[in-house]
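Hydrogens, waters and symmetry mates are skipped; everything else that's a heavy atom, side chains included, is used. Both counts, for ligands and for their atoms, begin at 1 and track the order of listing.
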Amino acid sequence: MNLRLIAFLCLPWALSAQTFMMNPYGCKDAVLLNGKWNAIVDLYSRGEPMKFPLNRKPEKKAEFLEYAFDGGLRLDVPGDFNSQLPELKYYEGNVWYQRHFNTHRAKGHRHYLYFAGVSYEAKVWLNGVKVGVHEGGFTPFQFDITDQLADGENDLVVLVNNSRRVDGIPAMNFDWWNYGGILRDVFLVKRPEVHVHDYRVQLKPGSRETIAGHIRLAGALGTQEVGLTIGELGVEQLLTTDAQGWVTFEIAAQPQLWEPRNPKLYQTRVTTGNDQVEDEIGFRTIEVKGNELMLNGQPIFLKGVNFHEEIPQRLGRAYSDADAAMILQEVRELGCNFIRTAHYPQNERIVRLAERMGFLIWEEIPLWQGIDFANPAIFKKAEAMLRDMIYRDKNRAGVVIWSIANETRPSAYRDEVLTGLVRLARELDGSRLVGAAFDNPRFDPATSTFRLDDRLAEAVDIVGINKYLGWYQPFPVPAEQVHWEVALEKPLIFSEYGAEALYGQHGPDDVAHLWSEDYQAEIYRQNLAMFRNIPNLRGTAPWVLFDFRSPYRFHPQYQNGWNRKGLVSDRGQRKLAWKVMKDYYEQK
Ligand code: GCB
């Protein structure tokens, strides 16, 4: 066994990998614990030694306690804390959340707390007892609270910490706001002792007439009966699990295939005993043939755009269906059929609505520049994030690409970690494509050609290129004369390009007038001209749909804490470049 592997296995959290139930949104007895929660800001980490999780109240008049949840700060859940109080705008550290809830312990049932996303680390106590810890801001986790749950009133305390970490993913630097808090939905879920924990219902790879997958029950002792119903397809299957509650199936069916112009989804129900989960599931194929990208057997060009999980007008994270609709309506207006949910798995409300609206989706883990690949903990953390992302969204027909990294530098450690993640993604889900975004192609002046020498590019199915020609680096020769010979045998997506512009700023469209809408639009025109010289170009995604907040951006006049590469401003105004892209996509 090599040394790094031993180190992985010694990490305590490596042994307690969490899993969570598939789709609490479709479970009968799932209650949202959203709303106002009490909160305490704990800059100096005093809450644990002072036993905040006990949430004690003075019993006698003279009893002296130096904290209380009642009567203090109130924060909205879901929601980042940074945008809820002016003094928390830049805050990175501990915030304690607390609330009561009432419920009945049900005999023969298990009770869970399910968190759809807490950034970055969460520690959870119920009635003073610690029920679990989770690291990673963008994927769900759950704790079984059956043993700690009281019949009647319960006291729930969550310590959230969003400090950046050298060994975090993302790490110390990233170009977006480090929103902390209980960012996404919280559910209290009651399920029968034996219940549907996980299911995969998708086309069998290589087939359009066989639906295949698995169902896994939790709490199963001995074989169990499981029902799978897709009414509109006439599928009504009774399956029997093995003693561990696991069953696989293959069913002949002829679904209408999901595609952007007809994003057909089928009501699907998985049942066992009294337990049931409902979902909407679509069926389609995605594959690479040489350097073509094929959706349902037909070549497709991805007309995409990137966005963060942020509502710029509200200065905060997106969390609701209304937020998802706001973002995705703007995607639709641009004429897209594809989104890259940069730079992390975004909330399920966004992913599901995108699928319903017919957008193909590139999802990625937040493995963004600046990761310390030599640290053995990194592989385990990245692995957990990748597993959880794939696990959560494996039934989404919209999702076609799992991306494992954004802009990393080749090195022995990095290559080992990332090619390991590519293998893992394929093992977990052989039915989608694995990609990564690269910013390291080099220009060869002798031939006016960009090339990429990177082992990772050889390992992935689809290569994303992030290049800001005309912004961070000038076009080395006029755009029409720039050639690309990158991963010619595979599909290439230009996954980021663009320039900054402050809405309303105008000027001649030359480089002496950076920050103007005119210059930004010109840079788009030049990039689009260059794209004609990329023989394997199968899609593009401008960076970025909306201006977004970033402490990385200091220019006092034009940026002031905002990345201004939006095609649309933070206040929802479309810049000139928006029209350039819209026209391009209309002609594609
Ligand atoms: C990149 C990153 C993205 C940044 C963008 C920029 O290459 O992937 O996260 O925000 O460039 O604006 O510099």
Atom 13 (O) of ligand 1: nearest protein contact (heavy atom, Å) = Y472 OH, 2.5 Å
Residue, atom name and distance, where the atom is the protein heavy atom closest to atom 12 (O) of ligand 1 = K565 NZ, 2.5 Å
Kindly confirm or rule out a cation-pi arrangement of K394 over Y391, judged by NZ or CZ under 6.0 Å from the six-membered ring centre and within 45° of its axis?
-> yes
Can you tell which part of N563 has a heavy atom less than 4.0 Å from ligand 1: side chain, backbone, both or neither?
-> side chain
Does W368 come within less than 4.0 angstrom of ligand 1, counting non-hydrogen atoms of the residue?
-> yes
Where does D439 meet ligand 1, judged by heavy-atom distances below 4.0 Å: at the side chain, the backbone, both, or neither?
-> neither
Closest protein heavy atom (residue, atom, distance) for atom 7 (O) of ligand 1 | E407 OE2, 2.3 Å
Relative to ligand 1, is W176 under 4.0 angstrom through side chain, backbone, both or neither, heavy atoms considered?
-> neither
Does a sphere of radius 6.0 Å around OH in Y90 hold more than 12 heavy atoms from other residues, nucleotides or ligands, not counting ones at 6.0 Å or beyond?
-> no
Which one of N34, V77, N347 satisfies the side-chain contact (heavy atoms from CB on, under 4.5 Å) criterion with D185?
-> N34
Tell me yes or no: between the side chains of K467 and Q473, is some donor less than 3.5 Å from an acceptor?
-> yes
Which residue holds the protein heavy atom closest to atom 9 (O) of ligand 1, what is that atom called, and what is the gap in Å?
-> H343 NE2, 2.5 Å
Nearest protein heavy atom with distance in Å, relative to atom 2 (C) of ligand 1 = E496 OE1, 3.2 Å
Indicate the ring-plane relationship of Y519 and W471, choosing parallel, tilted or perpendicular according to the 30° and 60° boundaries.
-> tilted
Closer than 4.0 angstrom: is that true for some heavy atom of Y552 and an atom of ligand 1?
-> no
Indicate, as side chain, backbone, both or neither, the part of Y497 found under 4.0 angstrom from ligand 1 when only non-hydrogen atoms are considered.
-> neither
Closest protein heavy atom (residue, atom, distance) for atom 4 (C) of ligand 1 | D175 OD2, 3.2 Å
Decide whether the shortest distance between a heavy atom of R553 and an atom of ligand 1 is less than 4.0 Å.
-> yes
Considering only non-hydrogen protein atoms, determine which one is nearest to atom 5 (C) of ligand 1 and report residue, atom name and distance to 0.1 Å.
-> Y468 OH, 3.3 Å
Run the numbers for me: atoms of ligand 1, each under 4.0 Å from some heavy atom of F548, listed by number.
-> 10 (O)
Candidates R571, R564, E500 - the one meeting side-chain contact (heavy atoms from CB on, under 4.5 Å) with D547 | R564
